[in-house]
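First the structure, in the form of structure tokens, and then the observations on it.
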Amino acid sequence: DDIRILAPAPKDPFAVPQIPFNKHGIANFQYKSASMLSRMNRHRAEGRVIAVLNDKKLLLKIENGQTVGASIDNGPMPSIGDDIVVAGFPETDLFIIKLARAVYRKIADGTGTAGESVEATELSPDFDMNAVLRENYGRLVRITGRIVAPNPSKGSNAPATIAISCGKHIIPIDMTSCGGITATPSHGDVISATGICVINTTKWNPLDIFPRIDGFMLAPRSPADLRILSSAPWWTAGKLTAVIAALLILLTAVFAWNRFLRIIIERRSRQLFKAEIEQAKSCLRVDERTRLSAELHDAISQMLTGIAFQVDAAEKTLPSDTALTANYL
């Protein structure tokens, strides 16, 4: 009850002021602070879509040749080359104006964007990111390099973003507009990519004197902007690593198996050695018993033989000498 509507919102969300540009083509509020921009109402811009990015973002090339960014909240994304009017809340990264929480309306269907591309190395000496200034935002750029990081998107065969190595830099490539690509590039392929230069900056802080550039991203306009120059070699560093890892695992398994066999052999050897000792002890006992038996046998035999001699002697003295007979007996 504490809120009263004084005037309803306009039925036409595009009935708002256009982004004001001065005679040099610079937005009049481009360098206002973030807090000042957040208090501004909707503004609109008309132009041609030159890039469609992830997270429902796009870039427009407006009538005075400037680039304007927008984060779209309504409907499916327009196609590259469409002429649209977009209305949203102004933001800036100190390079271009961006319209946040924006809605758009298509003015005319387009057939794509044309233009001469420039090699990425020509943007600045030695590809220096800090020298890539505002005039290169939205410029058509061509990059040749090797894919180092394909990232397949969920529920799609085509990757949402890939990254290629170009010199000492890693350049992300937004694949949003390349959904119909016939051959998806894979890791290690050398490709030539043509697309719109989108500078990546850190979130602007009003205390920063200059914006900080994190690099730039390339936004191809269609699958035709990507050409695979050469496929990845069959023998790659990843496969070499996998083979080395497999060999290490195999060597570890062989070492463990040999160790296991050695433990079993040592255990069996100790058991056999104990068995041989017991056998030797048994043989010694048998030999001792045999010797004792032999000795006992010899003593009894001698005793019986002596008795037999005494009996024979006594028999010979009979009957003549009974006293001697008694002595033998």
Query raised in the report: Under the 3.5 angstrom rule, does the side chain of Thr317 hit a backbone N or O of Leu324 as a donor-acceptor pair?
Result: no
Report task. State, to 0.1 Å, how close Val68 and Ile96 come at their nearest heavy-atom pair, and which atoms those are. Result -> C-CD1, 4.3 Å
Query raised in the report: Is it true that atom CD of Gln279 has more than 12 heavy atoms of other residues, nucleotides or ligands lying nearer than 6.0 Å?
Result: no
Requested in this report: Answer whether the closest heavy-atom distance between the side chains of Lys61 and Thr67 falls below 4.5 Å.
Outcome: yes
Requested in this report: State yes or no: do Leu248 and Leu240 share one hydrophobic cluster built from I, L, V, M, F, W and Y residues joined by side-chain heavy-atom distances below 4.5 Å, directly or via other members?
Outcome: yes
Query raised in the report: Do Ser192 and Arg142 come within less than 4.5 Å of each other through their side chains, counting heavy atoms only?
Result: yes
Query raised in the report: Should Leu59 and Val103 be counted in the same cluster of Ile, Leu, Val, Met, Phe, Trp and Tyr side chains packed under 4.5 Å apart?
Result: no
Requested in this report: Flag yes if Trp257 and Ile264 sit in one hydrophobic cluster, no otherwise; membership is Ile, Leu, Val, Met, Phe, Trp, Tyr, and two members link when side-chain heavy atoms are under 4.5 Å apart.
Outcome: yes
Requested in this report: Report the distance from atom OG of Ser231 to atom CD1 of Ile147, rounding to the nearest 0.5 Å.
Outcome: 10.0 Å
Requested in this report: For Leu226 and Pro220, work out which heavy atoms get closest and say how close.
Outcome: CD2-CG, 4.2 Å
Listed pairs under 3.5 Å, donor-acceptor, residues 305-314 side chains, sequence neighbours left out:
from, atom 1, to, atom 2, distance (Å)
Thr305, OG1, Ser301, O, 2.8

Query - Glu46 vs Gln18 side-chain heavy atoms within contact, under 4.5 Å - result: yes
**Report entry** Chi angles and distances behind the side chain to side chain contact (heavy atoms under 4.5 Å, CB included) call for His43, Ile97
**Finding:** CA-CA 11 Å; His43 282 71; Ile97 290 296; over 6 Å; no
**Report entry** Connected via hydrophobic side-chain network under 4.5 Å: Phe260 and Ile263
**Finding:** no
Query raised in the report: Run the side chain to side chain contact (heavy atoms under 4.5 Å, CB included) check on Arg285 and Glu288 step by step: do they pass?
Result: CA-CA 5 Å; Arg285 286 195 292 269; Glu288 183 67 15; 5.7 Å; no
Query raised in the report: For Phe89, is the NZ or CZ atom of Arg101 found under 6.0 angstrom from the centre of its six-membered ring and inside 45 degrees of the ring axis?
Result: yes
Report task. State, with a plain yes or no, whether a side-chain heavy atom of Met77 is found less than 4.5 Å away from one of Val49. Result -> no
Query raised in the report: Got a donor-acceptor contact below 3.5 angstrom from the Asn64 side chain to the Gln66 backbone?
Result: yes
Report task. Measure the spacing between CD1 of Ile173 and CD1 of Ile191 and express it to the nearest 0.5 Å. Result -> 4.5 Å
**Report entry** Closest non-hydrogen atom pair between Arg48 and Gly81, with its separation
**Finding:** NE-O, 3.5 Å
Query raised in the report: Is there side-chain contact between Ile228 and Val190, with heavy atoms separated by less than 4.5 Å?
Result: no
Query raised in the report: Is atom CZ of Arg291 surrounded by more than 12 heavy atoms (other residues, nucleotides or ligands) closer than 6.0 Å?
Result: yes
Query raised in the report: Going from CD1 on Ile171 to OG1 on Thr144, what distance comes out if it is rounded to the nearest 0.5 angstrom?
Result: 12.0 Å
Query raised in the report: Within the side chain of Asp174, is there an N or O that forms a donor-acceptor pair under 3.5 Å with the backbone of Asn54?
Result: yes
Query raised in the report: Around Lys316, counting heavy atoms of other residues, nucleotides and ligands shown, do more than 12 lie under 6.0 Å from its NZ?
Result: no
Report task. Identify the heavy atoms of Val148 and Ser165 that sit nearest to each other, and give their distance. Result -> CG1-CB, 3.7 Å
Report task. Decide yes or no for Phe216 and Ile143: does some side-chain heavy atom of the first lie under 4.5 Å from some side-chain heavy atom of the second? Result -> yes
Report task. Treat each ILVMFWY residue as a node, draw an edge where side-chain heavy atoms are under 4.5 Å apart, and state whether Val85 and Ile19 are in one component. Result -> no
Report summary line: Heavy atoms of Phe14 and Ala87 approach each other most closely as CD2-CB, 3.8 Å
Requested in this report: Would you name the heavy atoms of Gly195 and Leu218 that are closest together and state the gap between them?
Outcome: O-CD1, 3.5 Å
Query raised in the report: Does any non-hydrogen side-chain atom of Val16 lie less than 4.5 Å from one of Asn41?
Result: no
Query raised in the report: Atom CG of Leu99 and atom CZ of Arg42: how far apart are they, to the nearest 0.5 Å?
Result: 9.5 Å
Query raised in the report: Side chains of Ser222 and Asp225: does their closest heavy-atom pair fall under 4.5 Å?
Result: yes
Query raised in the report: What's the spacing between Leu272 CG and Ile265 CD1 if we round to 0.5 Å?
Result: 12.5 Å
Query raised in the report: Which distance, rounded to the nearest 0.5 Å, do you find between the CZ of Arg105 and the CG of Asn74?
Result: 11.0 Å
